[in-house]
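Computed from heavy atoms alone, side chains included, the values below leave out hydrogens, waters and symmetry copies.
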Amino acid sequence: MNPSVVRFAVRLSPRSAATRVDGVADGVLKIRVAAPAVEGAANTALIRLLADELGLAARDVRIVAGARTRQKLVMIEGVAAPAVIARWPGLRV
């Protein structure tokens, strides 16, 4: 596997008061987005937030599983696992 590709689980809460990363719980990244879970709006907000947090383009962030559920598996290209873990300690990659 490419060392600059990282996969990890995200627990997404749509329709929140603010869009933000809430931290890591049980190895899963907890994220809140203001967008509703309608027509992919929450997924788009999630992708933009992760891209901004990691300094990447939105095209480098993909949801590879769970597009229609709160529990998602995301794949990030262009960043090494140690950098992601340093950003969110406790994250299981």
Side-chain angles (χ1 to χ4, degrees):
M1 178 171 256
N2 186 342
S4 65
V5 173
V6 179
R7 291 175 188 241
F8 56 88
V10 170
R11 172 83 176 158
L12 184 65
S13 297
R15 289 191 190 267
S16 294
T19 296
R20 68 176 192 261
V21 176
D22 270 353
V24 178
D26 298 323
V28 176
L29 189 62
K30 302 260 204 191
I31 294 182
R32 297 179 183 270
V33 295
V38 178
E39 297 179 4
N43 287 342
T44 300
L46 167 65
I47 288 169
R48 284 188 185 137
L49 176 63
L50 287 174
D52 289 348
E53 288 277 328
L54 295 169
L56 299 169
R59 70 178 174 270
D60 295 328
V61 180
R62 290 196 335 230
I63 297 171
V64 294
R68 305 187 107 197
T69 66
R70 290 176 185 256
Q71 190 76 23
K72 302 179 184 301
L73 179 64
V74 297
M75 183 173 80
I76 313 284
E77 292 185 58
V79 65
V84 174
I85 294 168
R87 178 93 177 135
W88 297 300
L91 185 64
R92 208 172 342 179
V93 296

| Which pairs with one or both residues in residues 79-93 pass side chain to side chain donor-acceptor pair (under 3.5 Å), sequence neighbours excluded? | Glu53-Arg87
| query | If you measure from CD1 on Ile63 to CE on Met75, what distance do you get to the nearest 0.5 Å? | reply | 11.5 Å
| Closest approach of Arg70 and Pro14, non-hydrogen atoms and distance? | NH1-CD, 3.5 Å
| request: Specify the closest pair of heavy atoms between Leu91 and Leu29, including all atoms of both residues, with the distance to one decimal. | output: CD1-N, 3.7 Å
Donor-acceptor pairs under 3.5 Å, side chain of residues 40-51 to any protein atom, not counting sequence neighbours: which ones?
residue, atom, partner, partner atom, Å
Asn43, OD1, Lys72, NZ, 2.9
Asn43, ND2, Ala67, O, 2.8
Thr44, OG1, Gly40, O, 3.0

Would you please name every residue forming a side-chain contact (heavy atoms from CB on, under 4.5 Å) with [X], sequence neighbours left out?
X: Val38; value: Arg15, Pro36
X: Ala57; value: Arg59, Asp60
X: Leu73; value: Arg7, Val64, Ala65

| task | Establish whether Val6 and Ile85 are linked, either directly or via other cluster members, by ILVMFWY side-chain heavy-atom contacts under 4.5 Å. | result | yes
| Same cluster (ILVMFWY, side-chain, under 4.5 Å), Val28 and Ile76 | no
| Taking only residues two or more places apart in sequence, or in another chain, which ones meet Asp52 in a salt bridge (charged side-chain N to carboxylate O under 4.0 Å, His left out)? | none
